[in-house]
Amino acid sequence: MPSTAFMGVEAQRITVGQSTFDVRVKDNRAEALRLNSEWAPRLAAVEPRARAAIEKVSGCKVARVRGDQAMMVADLQCGAASVPLPPQAPLTCELDGAPRQLSGEVFVDLICG
């Protein structure tokens, strides 16, 4: 169930690695709800996958993520393209290598099929 701020926004389902999310985008914010169960998930383990899912769905760069391992809200940097993409069929993606940090930013590469 989405938070109040994202009620009525259609979700895009996306799987990144072992995590499946419903991602909703509204204005310059996005919400990722993790749908699957994972044994002892930690935010540090789930957050890079949620960040990758949000960036793939929104087409925007994630500026900041807050929340917990089940629900995360992200502030987006979309530039001129701040209109969310329409939802499509569920996406399945794998991380291509480990998340990398550079100058305080997290970068991930995805392979989506």
Side-chain angles (χ1 to χ4, degrees):
M1 188 64 126
S3 66
T4 305
F6 291 89
M7 286 285 198
V9 177
E10 195 170 352
Q12 168 68 59
R13 183 149 302 163
I14 181 169
T15 300
V16 177
Q18 66 186 32
S19 299
T20 299
F21 302 95
D22 269 355
V23 176
R24 291 174 173 82
V25 180
K26 184 177 180 183
D27 301 322
N28 287 324
R29 293 179 59 215
E31 178 179 79
L33 295 173
R34 187 172 53 80
L35 302 175
N36 63 310
S37 60
E38 295 179 27
W39 186 80
R42 297 178 333 278
L43 181 58
V46 176
E47 189 270 341
R49 295 190 291 266
R51 177 181 294 267
I54 291 168
E55 288 184 348
K56 178 68 177 174
V57 169
S58 70
C60 301
K61 183 172 173 24
V62 171
R64 182 176 81 151
V65 176
R66 56 200 175 283
D68 59 31
Q69 64 271 29
M71 183 181 84
M72 287 150 270
V73 176
D75 295 329
L76 303 175
Q77 293 177 335
C78 300
S82 61
V83 178
L85 302 172
Q88 40 185 301
L91 299 170
T92 302
C93 305
E94 292 296 327
L95 292 174
D96 187 16
R100 302 172 311 282
Q101 284 196 338
L102 179 64
S103 301
E105 296 187 58
V106 177
F107 296 91
V108 294
D109 294 318
L110 292 179
I111 299 173
C112 300

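Keep in mind that the numbers below use all heavy atoms, side chains included, and drop hydrogens, waters and symmetry copies.
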| message | I'd like to check V57 versus V25 (side-chain heavy atoms, cut-off strictly below 4.5 Å). Are they in contact? | response | yes

| remark: Heavy-atom closest pair (Q18 atom, N36 atom, distance to 0.1 Å) is O-ND2, 2.7 Å

| field | Presence of salt bridge, E10 and K26, under 4.0 angstrom | value | no

| request: Taking the side chain as every heavy atom from C-beta outward, state whether E31 and V23 have any atom pair closer than 4.5 Å. | output: no

| task | Give me the one residue out of R64, K61, R51 that meets salt bridge (Lys or Arg N to Asp or Glu O under 4.0 Å) with D75. | result | R64

| said: Run L110 and E55 through side-chain contact (heavy atoms from CB on, under 4.5 Å) and show every step you take. | reply: CA-CA 10 Å; L110 292 179; E55 288 184 348; over 6 Å; no

| If you look at every heavy atom in P2 and M7, which pair is closest and at what distance? | O-CE, 3.8 Å

| note | Correct closest heavy-atom pair for P90 and Q12 would be CA-NE2, 3.9 Å

| remark: Separation between CG (L35) and OG1 (T20), nearest 0.5 Å, reads 6.5 Å

| Any L33 side-chain heavy atom under 4.5 Å of M1 side chain | no

| query | In terms of side-chain geometry, is the basic nitrogen of D22 or R34 positioned less than 4.0 Å from the acidic oxygen of its partner? | reply | no

| request: Determine whether L76 and I54 make a side-chain contact, defined as any pair of heavy atoms from C-beta on separated by less than 4.5 Å. | output: yes

| field | Q77 and C60, any side-chain heavy atoms less than 4.5 Å apart | value | no

| message | A side-chain contact here means heavy atoms from C-beta on lying under 4.5 Å apart; do M72 and L43 qualify? | response | yes

| said: Donor-acceptor pair, distance only, cut-off 3.5 Å: does the side chain of D68 make one with the backbone of A70? | reply: yes

| Candidate pair E94 and R49, rule salt bridge (Lys or Arg N to Asp or Glu O under 4.0 Å), full reasoning | CA-CA 9 Å; E94 292 296 327; R49 295 190 291 266; over 6 Å; no

| request: Begin from the C-alpha positions of C93 and I14 and carry the test side-chain contact (heavy atoms from CB on, under 4.5 Å) through to its verdict. | output: CA-CA 7 Å; C93 305; I14 181 169; 4.0 Å; yes

| Taking C-beta and beyond as the side chain, do V73 and V65 meet within less than 4.5 Å on heavy atoms? | no

| Nearest heavy-atom neighbours spanning A53 and F21 | CB-CD1, 3.9 Å

| field | R42 side chain reached by Q69 side chain, heavy atoms, under 4.5 Å | value | no

